[in-house]
Number of protein chains: 2
Amino acid sequence: MILSKSFGYALRGILYVSLMQEEKRKVSLDEIAGQLKVPRYFLAKIMKEVVKAGVLSATRGQQGGFFINSNTLNTSLTTIIRLTDGEEYFNICMLSLQKCNPSNPCPLHSKFEPGRQELFEVCHNTTIGMVIKNNKPEFIKSISFH
Amino acid sequence: MILSKSFGYALRGILYVSLMQEEKRKVSLDEIAGQLKVPRYFLAKIMKEVVKAGVLSATRGQQGGFFINSNTLNTSLTTIIRLTDGEEYFNICMLSLQKCNPSNPCPLHSKFEPGRQELFEVCHNTTIGMVIKNNKPEFIKSISFH
DNA sequence: CCCATTAAAGACATGGGCGTCTTTAATCAT
DNA sequence: ATGATTAAAGACGCCCATGTCTTTAATGGG
Ligand code: FES
Ligand code: FES
């Protein structure tokens with residue numbers, strides 16, 4: 001598995017909340033988990049981290065829920081991956097040796113470097129806002145695809 | 001983690017055995033695990049699968065051990081990944097939805113596709129023989145880098 | 001003020017990747 | 001033949017990602 005399940009849940013959750021911005025309403029955990037067909041309690045943990053990192057905001061109580069803030073749409077995939085897959089995700093060697101170190105490369109370093117770099121670039125350059133703009137139409141379907 | 005630790009162990013094990021072909025000698029599990037600084041018993045399980053798949057050969061008993069066969073140098077990385085990371089590795093969606101399906105893509109499909117494809121191509125087109133030829137000199141060091 | 005609602009926090013369970021050890025079976029040197 | 005050596009096979013334990021449930025705290029409606 002290239003990226004963790006948690007990453008998928010986090011991204012889809014953030015996207016769902018962002019899509020609801022137009023109606024300017026807050027979205028409850030129950031709604032997100034229900035719509036995305038994602039384990040409710042597990043999603044709760046992840047969303048807590050997302051809020052703690054400032055990528056989304058949330059309030060408790062009646063009419064409470066998750067909502068976007070000034071960071072949300074500018075958040076890069078890299079930021080989300082850091083939350084879900086750990087700070088070291090972008091540094092570890094493909095052979096699981098300590099760190100990917102170009103000056104003392106493993107036997108596969110040169111082979112994997114281009115694709116790997118491409119993937120990392122995309123993560124760094126893609127924001128939530130861009131993803132939403134690109135897919136608008138039927139993409140709620142794909143988000144909630146269980 | 002993009003690829004499993006098992007993959008790293010398997011590849012390095014296969015490379016080590018292949019490098020010893022020149023002396024036309026068999027290599028014991030103890031020697032491989034010792035040289036590569038890899039958990040011996042765990043490596044045993046992986047090597048068993050490698051042999052079962054025909055990528056290497058092995059005999060038991062005195063003077064026994066692992067040795068290369070006609071498949072070894074032509075084995076692609078894809079073959080090894082299938083053994084260690086599962087048949088589905090190349091099909092699963094980056095968001096952990098069932099399968100990566102270009103005709104019903106997830107919101108990130110188009111973003112990740114190029115890098116992902118590049119990575120998969122490399123795996124498909126790179127063989128053990130090529131890896132050995134490319135890195136000959138000091139690369140045992142990097143293999144055994146603990 | 002009180003209560004329903006909602007996220008936050010924390011305790012607990014499960015499964016698979018990873019790691020260790022023991023037993024079995026094959027092979028060869030003697 | 002016998003015994004040492006070596007891989008194969010199987011049992012077991014650990015840790016962490018994943019998943020579930022309960023308790024706490026905040027918020028707003030009545
Ligand atoms: S050192 Fe192994 S991928 Fe860079
Ligand atoms: S459908 Fe998600 S990566 Fe292809």
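Values below: all heavy atoms of this structure, side chains included; hydrogens, waters and symmetry mates excluded. Residue numbers begin at 1 in each chain, while the letters A, B, ... track the order of the sequences.
- Closest-nucleotide positions on DNA chain C for A:Tyr41 and A:Gln63 were compared, and the one nearer the 5' end corresponds to A:Gln63.
- Here the P atom of nucleotide D:dC14 and the NZ atom of B:Lys5 are 17 Å apart, to the nearest Å.
- Between the NZ atom of A:Lys48 and the P atom of D:dT20 there is a distance of 16 Å, rounded to whole Å.
- Mapping heavy-atom proximity under 4.0 Å, the span of DNA chain C touched by chain A runs 5' to 3' from C:dA4 to C:dA11.
- If you check every strand for non-hydrogen atoms under 4.0 Å, A:Tyr9 touches sugar and phosphate atoms only.
- In terms of heavy-atom proximity, A:Leu3 sits nearest to A:Tyr89 at CD2-OH, 3.5 Å.
- Between B:Arg25 atom CZ and D:dT5 atom P there is a gap of 17 Å when expressed in whole angstrom units.
- Here D:dG19 is the nucleotide among D:dG19, D:dA4, D:dG29 with the atom lying nearest to any side-chain atom of A:Phe42.
- An OP1 or OP2 oxygen of D:dG28 is reached within less than 4.0 angstrom by no side-chain nitrogen or oxygen of A:Thr59.
- Among the heavy atoms of the strands, none lies under 4.0 Å from B:Val38.
- Closest of all the heavy-atom pairs between A:Pro102 and A:Cys100 is CD-O, 3.6 Å.
- Closest of all the heavy-atom pairs between A:Cys106 and A:Leu97 is CB-CD1, 3.8 Å.
- When the P atom of D:dT20 is taken as reference, atom CG of A:Leu29 falls 13 Å away, rounded to whole Å.
- B:Ser18 contributes atom OG, which lies 6.0 Å from atom CD1 of B:Ile128 (distance to the nearest 0.5 angstrom).
- Judged by closest nucleotide on DNA chain D, A:Leu3 is the one of A:Leu3 and A:Gly61 placed further toward the 5' end.
- Put simply, the residue from A:Leu11, A:Asn125, A:Thr127 that forms a side chain to side chain contact (heavy atoms under 4.5 Å, CB included) with A:Leu77 is A:Leu11.
- The salt bridge (charged side-chain N to carboxylate O under 4.0 Å, His left out) search around A:Arg40 returns A:Asp30, not counting sequence neighbours.
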